[in-house]
Amino acid sequence: MSKPFAIVTGASAGIGLELAALCAEEGFDLLVAADRPEIHQAADRFRGLGADVTVVEADLATTDGVDLLWTAAAGRSVDALLANAGHGLGRAFLDQDFRDIRHVIDTNVTGTVYLVQLVGRTMRSRGEGRILLTGSIAGFIPGTYQAVYNGTKAFVDSFSFALRAELKDTGVTVTCLMPGATETDFFARADMLDTKVGQGKKDDPADVARVGFDAMMRGDGDVVSGWKNKLQSAIANMTPAGVLAEQHRRMAEPGSAEKAKS
Ligand SMILES: NC(=O)c1ccc[n+]([C@@H]2O[C@H](COP(=O)([O-])OP(=O)(O)OC[C@H]3O[C@@H](n4cnc5c(N)ncnc54)[C@H](OP(=O)(O)O)[C@@H]3O)[C@@H](O)[C@H]2O)c1
């Protein structure tokens, strides 16, 4: 009997690394992708956990990169797609470089939906499959000083629920993992280490991944990891957007870490 097969994007670090490790531990073979060479070391860890691993190094912000990943699946049936690759971008919108803005949108939105469509079609024709999208509780909150990123996560959260409803009764489940601030490379890469949220206490990526993996296996619609984040997202749903945008300023404004200490 061949083992089940999972594709995990953004598997070189953070939440995706832990998601892929869980897949390996739970008996999946893997196709993993990230943009930088660190993905090869991560693949060795997954092999050590018993998985047969194929690695793709590609920029998933591009349709060419996603095509490269999909070609590497070599027609094998995909039992689980964990579309997790993504990154943020801090600081004031008008001061950001448009190429960086575009890369956030193309990774978090365009590349993600393209991959989900390619894989989702094959799952629908087989009448089975599990899709896990890494959204965020940031999708509920206008992201002052992280405006584009939060917008992309609002897209992912919304898209995930809509696709889940479209695929009802097809045997394909769609689950949205919505983490809060998590201890990964995310804040360094987004240039947010001088912010209150960047320096604040965060969740462990292994715990977040476990919550997402279990929700995907159960076929749940969404899961917010951690009780504090559950509370924060429940409150966000009842709070006017303008108030949320001001609250986000206090967490994400450049220099807010120092301000919070004084
Ligand atoms: N950390 C948080 O607080 C938090 C909270 C909520 C949601 N999230 C979401 O969780 C997901 C994982 O982030 P993380 O926190 O684990 O951050 P991370 O440690 O920086 O990991 C991000 C992963 O995504 C990959 N990636 C990013 N852009 C890519 C691209 N264009 N092409 C290919 N791979 C790409 C990275 O690989 P390379 O380094 O090779 O680019 C890395 O493997 C993201 O979707 C993020 O939005 C994070």
Side-chain angles (χ1 to χ4, degrees), residues 1-35 38-58 60 65-86 107 111-135 156 160 163-164 167 170-177 179 184 205-223 225:
M1 278 270 285
S2 68
K3 290 168 78 176
F5 179 52
I7 298 179
V8 186
T9 68
S12 64
I15 298 167
L17 178 84
E18 301 300 339
L19 282 171
L22 278 173
C23 287
E25 280 167 18
E26 302 283 340
F28 285 83
D29 283 338
L30 286 170
L31 170 57
V32 293
D35 195 16
E38 285 79 355
I39 188 63
H40 297 282
Q41 283 121 53
D44 288 340
R45 174 173 165 199
F46 311 141
R47 288 190 186 101
L49 295 167
D52 183 41
V53 185
T54 306
V55 184
V56 170
E57 203 182 310
L60 300 175
V66 176
D67 284 335
L68 202 67
L69 172 62
W70 187 225
T71 305
R76 185 165 172 188
S77 297
V78 182
D79 299 286
L81 167 65
L82 294 84
N84 162 82
T107 302
T112 299
V113 295
Y114 182 42
L115 180 63
V116 168
Q117 192 184 49
L118 291 172
V119 180
R121 282 177 172 162
T122 66
M123 288 178 168
R124 182 180 57 183
S125 22
R126 284 187 10 256
E128 60 179 354
R130 301 172 192 283
I131 298 173
L132 179 72
L133 289 149
T134 306
V156 173
S160 181
L163 183 63
R164 177 180 175 81
L167 293 179
T170 64
V172 182
T173 58
V174 183
T175 303
C176 192
L177 168 61
T184 69
D207 296 341
V208 173
R210 171 50 81 183
V211 166
F213 181 85
D214 288 348
M216 176 187 78
M217 294 310 285
R218 286 193 303 269
D220 293 351
D222 67 308
V223 64
S225 50

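Because the structure is predicted, anything quoted here is derived from the model rather than measured. In what follows, every heavy atom counts, from backbone to side chain, and hydrogens, waters and symmetry copies are set aside.
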Test side-chain contact (heavy atoms from CB on, under 4.5 Å) applied to Leu115 and Leu60, step by step: CA-CA 9 Å; Leu115 180 63; Leu60 300 175; 5.6 Å; no

For [X] and [Y], which heavy atoms make the closest approach, and how far apart are they?
X      : Y      : result
Ile131 : Gly120 : CD1-CA, 4.4 Å
Val55  : Ala43  : CG2-CB, 3.4 Å
Gly10  : Ala85  : N-CB, 3.7 Å
Cys23  : Ala6   : SG-CB, 4.2 Å
Arg124 : Leu167 : CD-CD2, 4.5 Å
Ala24  : Ala51  : CB-CB, 3.8 Å

State whether Glu26 and Arg210 are salt-bridged, where the test is any N-O pair (Lys NZ or Arg NE/NH1/NH2 against Asp/Glu carboxylate O) under 4.0 Å.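 A salt bridge is present here (some side-chain N lies under 4.0 Å from a carboxylate O).
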
Are the side chain of [X] and the backbone N or O of [Y] linked by a donor-acceptor pair below 3.5 Å?
X      : Y      : answer
Thr112 : Thr107 : yes
Asp29  : Asp52  : yes
Asp79  : Phe5   : yes
Thr175 : Asp222 : no
Ser12  : Glu38  : no
Thr71  : Asp67  : yes

Around atom CZ of Arg121, are there more than 12 heavy atoms of other residues, nucleotides or ligands at under 6.0 Å?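 Open: at most 12 neighbouring heavy atoms sit under 6.0 Å from CZ of Arg121.
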
Quick check on Arg45: does its CZ atom have over 12 non-hydrogen neighbours (other residues, nucleotides or ligands) under 6.0 Å away?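 Result for CZ/Arg45: enclosed.
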
Can you name the salt bridge (charged side-chain N to carboxylate O under 4.0 Å, His left out) partners of Asp220, sequence neighbours left out?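 With neighbours one apart ignored, the set is Arg218.
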
Can you measure from [atom1] ([X]) to [atom2] ([Y]) and round to the nearest 0.5 angstrom?
X      : Y      : atom1 : atom2 : value
Leu82  : Leu177 : CG    : CG    : 9.5 Å
Phe46  : Glu25  : CZ    : CD    : 10.5 Å
Leu19  : Leu30  : CG    : CG    : 10.5 Å
Leu132 : Thr134 : CG    : OG1   : 5.5 Å
Leu49  : Asp44  : CG    : CG    : 11.0 Å
Met217 : Leu22  : CE    : CG    : 10.5 Å

Stepwise side-chain contact (heavy atoms from CB on, under 4.5 Å) test for Val116 and Leu81: CA-CA 8 Å; Val116 168; Leu81 167 65; 4.0 Å; yes

Residue from Arg130, Met123, Glu128 passing side-chain contact (heavy atoms from CB on, under 4.5 Å) with Thr173: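 Filter result, single survivor: Arg130.
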
